[in-house]
**Q** 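Next up is a structure, given as structure tokens.
What you see below is based on every heavy atom in this structure, not just the backbone, and it leaves out hydrogens, waters and symmetry mates.
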Amino acid sequence: MRIDIITVLPELLTGPLDHSIIKRAQQKGLVEIHIHNLRDYAFDKRHTVDDYPFSGGGGMVMMVEPIDLAISDLKSKTGYDEIIFTSPDGEMFSQKMANQLSCLKNIVILCGHYKGVDQRVRDHLITREISIGDYVLTGGELAAAVIVDAIVRLLPGAISDEESALTDSFQDDLLAPPLYTRPAEYKGWKVPDILLSGNDREIEDWKIEQSIERTRKLRPGLLDE
Ligand code: ADE
């Protein structure tokens, strides 16, 4: 898979995407992540990428031309399945969407900034808008990092224990069951007896019951879906 990210703040992305599973996935050649500075596509000396809105009012707007130049440049070298824009107005990101995106070959993520983006970017250049939640971030970079992290860990081979990504919370619309490790007792806080019983079938049943119970308690909405 190849992921190209267009941003005005590359430094916000290099750190988060250069650690642990995401770093290893790149080293193993499972994913190539390329970060591009939108300012490199600005056509004036000051590398301007935003301007005042025609409608007046506060806030700057990301200009269409540098974004078009950046996306056209990428498209001239690679075919893309989706050109994603991160925005609080977008479709809500979910595990299901992460699964779908992880099956694509090449994607671009354009990080939103300032007050918004010229509508012509949305109308003509973007294929999908994604929000990571109903709150407003300073920019789309952290949202892009979240989206990339959730996608890359799903790529076959990214996680050494084949099972782990499939048993994550949300993969079957249930929260994951609780986990314990040694010691079996700490300060009188005990690991449930069943987990020490060695009875694999009963342990599996317990995990499912616990998943349902936790979901009912913490995220009852998931059980309605
Ligand atoms: N940019 C600002 N807020 C955002 C959000 N909640 N999701 C995605 N991109 C954003």
Side-chain angles (χ1 to χ4, degrees), residues 1-3 5 11-33 35 84 86 91-104 107 109 130-135 137-138 140-225:
M1 182 175 200
R2 178 184 168 111
I3 304 176
I5 307 175
E11 58 277 18
L12 260 184
L13 282 156
T14 39
L17 299 178
D18 199 30
H19 286 286
S20 107
I21 291 171
I22 312 306
K23 181 175 186 164
R24 250 184 294 133
Q26 292 174 81
Q27 288 168 340
K28 287 184 193 168
L30 305 176
V31 63
E32 273 181 41
I33 302 174
I35 299 169
I84 294 164
T86 54
E91 240 181 299
M92 194 65 74
F93 191 57
S94 62
Q95 189 62 43
K96 196 180 276 172
M97 207 188 283
N99 292 344
Q100 287 165 357
L101 294 174
S102 75
C103 298
L104 301 181
I107 61 172
I109 304 179
I130 300 179
S131 164
I132 62 160
D134 283 340
Y135 41 80
L137 302 167
T138 311
E141 284 73 16
L142 297 179
V146 165
I147 294 166
V148 171
D149 187 298
I151 294 172
V152 170
R153 64 193 300 287
L154 293 171
L155 297 175
I159 293 180
S160 43
D161 175 6
E162 279 283 272
E163 232 200 353
S164 332
L166 293 175
T167 55
D168 285 342
S169 280
F170 303 113
Q171 279 298 9
D172 45 13
D173 283 334
L174 289 176
L175 301 186
L179 291 169
Y180 297 89
T181 186
R182 286 183 294 184
E185 185 171 343
Y186 175 73
K187 288 185 174 176
W189 305 334
K190 289 187 175 162
V191 170
D193 288 338
I194 178 86
L195 295 179
L196 310 174
S197 69
N199 186 329
D200 291 343
R201 267 207 54 187
E202 280 186 22
I203 291 175
E204 271 318 302
D205 289 347
W206 177 87
K207 282 160 83 175
I208 294 166
E209 272 166 34
Q210 290 289 318
S211 274
I212 296 170
E213 196 41 46
R214 287 190 79 197
T215 310
R216 200 189 327 269
K217 222 191 219 163
L218 299 170
R219 296 289 305 276
L222 289 174
L223 294 172
D224 306 334
E225 283 163 18

**Q** Just wondering, do L222 and L174 contact through their side chains at under 4.5 Å, heavy atoms?
**A** no
**Q** Is it the case that more than 12 heavy atoms not belonging to L218 sit under 6.0 Å from its CG atom?
**A** yes
**Q** Pick one: which of I3, V152, I5 meets side-chain contact (heavy atoms from CB on, under 4.5 Å) with L17?
**A** I5
**Q** Who passes side chain to side chain donor-acceptor pair (under 3.5 Å) against N199, sequence neighbours left out?
**A** E202
**Q** My understanding is that only residues two or more places apart in sequence, or in another chain, count here; which of them pass side-chain contact (heavy atoms from CB on, under 4.5 Å) with K23?
**A** D18, Q27
**Q** Within this structure, what is the NZ-CG distance for the pair K28 and L155, rounded to the nearest 0.5 Å?
**A** 10.5 Å
**Q** Checking N99 now: which residues fulfil side-chain contact (heavy atoms from CB on, under 4.5 Å) with it, not counting sequence neighbours?
**A** Q95, L154, Q171
**Q** Where do P220 and K217 come nearest, in terms of heavy atoms and distance?
**A** CD-O, 4.2 Å
**Q** Evaluate side-chain contact (heavy atoms from CB on, under 4.5 Å) for V31 paired with I22, printing each intermediate quantity in order.
**A** CA-CA 9 Å; V31 63; I22 312 306; 5.8 Å; no
**Q** Hey, are the side chains of Y180 and P192 touching, using non-hydrogen atoms and a 4.5 Å cut-off?
**A** yes
**Q** Counting heavy atoms not belonging to K190, are there more than 12 under 6.0 Å from its NZ?
**A** no
**Q** For L13 and A144, which heavy atoms make the closest approach, and how far apart are they?
**A** CD2-CB, 4.2 Å
**Q** May I ask you to test the I151-I107 pair for a side-chain heavy-atom distance under 4.5 Å?
**A** yes
**Q** Side chains of I159 and R153: does their closest heavy-atom pair fall under 4.5 Å?
**A** yes
**Q** Sequence neighbours excluded, which residues qualify as side-chain contact (heavy atoms from CB on, under 4.5 Å) partners of A143?
**A** T86, I132, L137
**Q** My understanding is that only residues two or more places apart in sequence, or in another chain, count here; which of them pass ring-ring contact (aromatic ring centres under 6.0 Å, His included) with Y186?
**A** W189
**Q** I need the Q26 CD to I21 CD1 distance, nearest 0.5 Å.
**A** 12.5 Å
**Q** With a 4.5 Å limit on heavy-atom distance, are the side chains of I203 and S197 in contact?
**A** yes
**Q** Compile the donor-acceptor pairs under 3.5 Å between side chains in residues 208-216 and protein atoms, sequence neighbours left out, one pair per line.
**A**
from, atom 1, to, atom 2, distance (Å)
S211, OG, L175, O, 2.9
S211, OG, K207, O, 3.4
R214, NH1, A176, O, 2.7
T215, OG1, L175, N, 2.9
T215, OG1, S211, O, 2.6

**Q** Please report the closest heavy-atom contact between L196 and A184, naming both atoms and the distance.
**A** CD1-CB, 4.1 Å
**Q** Taking all heavy atoms of M97 and all of I130, pick out the closest pair and write down the distance.
**A** SD-CD1, 3.6 Å
**Q** Going through the distances and angles, do R201 and W206 end up as a side-chain contact (heavy atoms from CB on, under 4.5 Å)?
**A** CA-CA 9 Å; R201 267 207 54 187; W206 177 87; over 6 Å; no
**Q** Of all residues at least two apart in sequence or in a different chain, which pass the side-chain contact (heavy atoms from CB on, under 4.5 Å) check with S131?
**A** M92
